[in-house]
Structure formats: structure tokens, C-alpha cells
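These notes concern the structure reproduced below.
Keep in mind that what you see is a predicted model, and the values were worked out from it rather than measured. Heads up: numbering here begins at 1 and tracks the sequence. One-based numbering, in listed order, for ligands and for the atoms of each.
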Amino acid sequence: MTIKLEIRSQHRCFGGLQSYYQHHSEIIGLPMRFSVYVPPEAGEQRLPVLFFLAGLTCTEETFMIKAGAQRYAAELGLMLVSMDTSPRNTGIPGEADDWEFGSGAGFYLDAIESPWSKYFHMESYVTQELYNIILGQFPVDPKSVGISGHSMGGHGALTLALRHPELYQSVSAFAPIAAPIHCPWGQKAFSRYLGKSPESWHKHDATALIESGHRLPTPLIDQGLDDPFLAEQLHPSYFEAACQQAEQPIILRRHAGYDHSYFFISTFIEDHLRHHHTFLTLDPADSAG
Ligand SMILES: N[C@@H](CCC(=O)N[C@@H](CSC=O)C(=O)NCC(=O)O)C(=O)O
């Protein structure tokens with residue numbers, strides 16, 4: 001089924017095209033916005049694509065404006081997709097009162113607790129509706145799909161790759177919330193979106209998913225050591241320990257002096273795009289065995 005997309009704006013960028021879209025989302029029940037960068041190679045060719053999940057307070061614009069990814073995507077022939085970080089204007093009282101929860105803080109899961117369960121279906125939106133729009137209505141190779149993200153979006157990238165291994169062939173993250181059940185951001189969001197059951201929390205925690213046997217393509221993870229959220233919110237070492245215990249390959253790089261901002265992301269985005277491009281253009285014959 002072709003979904004009607006409203007083009008909000010389009011901009012030539014490094015020879016490709018940066019576009020912003022809005023559409024009615026069946027899964028959310030409200031309008032949703034997303035952004036796409038199509039590199040210059042696109043024509044008859046089907047391209048690898050990278051979904052980027054942004055963090056708390058961000059929108060579909062943040063990554064495209066601040067990460068500086070298009071220069072490398074144009075060079076590599078990689079399509080980029082980013083999306084808003086939650087449903088908006090739902091009418092739920094207080095939805096936009098707290099930057100850590102509600103609007104701009106959908107945590108890439110499907111809420112099961114009222115009132116959030118009526119609209120907050122970000123996991124299904126990203127893995128089903130938006131995924132099908134991108135694969136069905138853009139020049140994409142359906143076997144070459146990567147996922148990345150930052151902070152809350154890094155949690156989203158890791159958990160969606162772990163929960164839906166058939167959908168994503170490459171994974172990376174910047175400063176992910178790597179063990180949300182052990183940090184205040186995660187505990188606030190999970191208690192309100194998912195209720196009290198520990199089982200439902202574990203299904204959306206990257207570290208717990210590794211511990212329970214889920215696996216993902218070797219993720220590249222970058223973490224700044226001057227990140228003000230590192231000690232209390234992010235816990236990459238919990239994820240690293242679980243991966244070591246499970247013999248899950250992982251590339252975790254720690255960078256002295258870098259913080260949580262898009263200055264950090266823009267410094268290392270080239271490495272992430274090259275990581276995805278390598279995985280997404282591997283000849284299956286080379287990786288068999
Ligand atoms: N508003 C907050 C800061 C919020 C913040 O730092 N958001 C990060 C993601 S944090 C985890 O998901 C972000 O990417 N912000 C966008 C940006 O342009 O930097 C505060 O006031 O402290």
C-alpha cells in the first residue's frame with residue numbers, strides 16, 4: 001500500500017536531496033514527520049539505507065541538521081532516514097511538561113500503560129510503518145538496512161536491532177542509554193510506558209536482551225568520557241560486560257574530552273557511516289561460513 005506523503009521541504013545537499021515529510025500514521029493515529037537524505041547515485045540503483053534514531057528533545061530535523069552526515073552519505077551512496085522522537089499533540093494532559101518523558105521522549109517502544117498506550121507506539125512505527133514506507137517508496141535495497149542512534153536513540157538502535165534481527169544488517173550507537181532499567185531516564189520512562197512488570201522492562205533493555213540470548217551484528221559504539229550523562233544515565237560498561245560474557249562481538253570506543261553533544265557525534269559520524277556501509281555492502285558469499 002502506498003502511503004500519501006506530504007513534502008514539507010526539499011534541499012539540494014552534496015549533490016543529493018534532503019527532504020522532510022509528514023504523513024498520517026496508522027500506527028500512531030496522528031501525523032508523524034520524518035526526514036530522508038537521498039544521495040546523488042540514486043536512479044535505477046537500489047541503495048543501502050541507515051535509520052538514525054535521535055535522542056531526548058530531538059525531532060526529525062536534529063540529526064540531519066547537526067551531524068554533518070550527508071557529505072559522507074553522498075560519497076558512500078548511503079541513504080539516511082531520521083524520524084521524530086515521539087507522537088506530538090496527543091491531547092494527553094502534561095505530555096510536553098517534562099523533557100525526559102512524553103513529547104520528544106518516546107523511547108522507541110510501544111507503551112502498554114494508559115494513557116500513553118493510545119498513541120505512543122514508536123517501536124511499531126519505526127520497525128513497521130516507517131520501515132515499509134522507506135523500503136516501498138524509496139530506492140532502497142531491502143537487504144541492506146542499518147540502524148543507529150544517539151542516547152535515547154542509541155538505546156532504540158540497540159534494542160530494535162536485538163528485538164528485530166531480521167530487519168537490520170548493521171548497527172551503531174553514540175552514547176546509548178545502554179542499560180535503561182538501571183538509570184533514572186529509563187526508570188521514569190519504563191514505569192510510565194510499561195508499568196511495573198520486570199519482564200516488560202527487560203524486553204526493552206539492551207543489556208538484559210544480550211543476557212537473555214539476543215544477538216546483533218557487531219555494533220560500533222562511541223562514548224565521550226566528558227559526557228555529563230555518562231555516570232548516571234548511560235552505563236556502556238554494563239552492556240560491554242554482558243557482551244563479553246555472551247561472546248557477542250562489540251566495538252566500544254571511549255574518547256577523552258568529548259561530551260554528549262552533536263559536536264561529539266559530528267566528529268565520529270564518518271566512522272559510523274563507513275561501518276554501516278561495510279556491513280551493508282558485504283557480499284553474502286564473503287560472510288558465509
Ligand atoms: N534539554 C536538556 C538536554 C537534552 C539533551 O541533551 N538532549 C540530547 C539527547 S539526550 C538523550 O537522549 C540531544 O541530542 N539534544 C539535541 C541537541 O541538539 O543537542 C537540558 O536542558 O539539559
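There is no side-chain donor-acceptor pair under 3.5 Å between Ser172 and His275. Using a 3.5 Å distance cut-off with no hydrogens or angles, the side chains of Gln18 and Gln70 do pair a donor with an acceptor.
One hydrophobic cluster, built from ILVMFWY side chains closer than 4.5 Å, holds both Trp201 and Leu162.
For the atom pair OG1 (Thr85) and CZ (Phe63), the distance works out to 14.5 Å, reported to the nearest 0.5 Å.
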Pick out the protein N or O atoms lying less than 3.5 Å from any N or O of ligand 1, and list each pair with its distance.
residue  : atom   : partner : partner atom : Å
ligand 1 : 7 (N)  : Leu56   : O            : 3.0
ligand 1 : 12 (O) : Leu56   : N            : 2.8
ligand 1 : 12 (O) : Ser151  : OG           : 2.8
ligand 1 : 12 (O) : Met152  : N            : 3.0
ligand 1 : 14 (O) : His150  : ND1          : 3.4
ligand 1 : 18 (O) : Lys66   : NZ           : 2.4

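Under the 4.0 Å criterion applied to side-chain N and carboxylate O atoms, Arg71 and Glu270 are not assigned as salt-bridge partners.
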For Glu60 and Arg8: C-alpha separation, side-chain torsions, deciding distance, then whether salt bridge (Lys or Arg N to Asp or Glu O under 4.0 Å) applies.
CA-CA 12 Å; Glu60 75 284 0; Arg8 298 187 58 242; 3.7 Å; yes
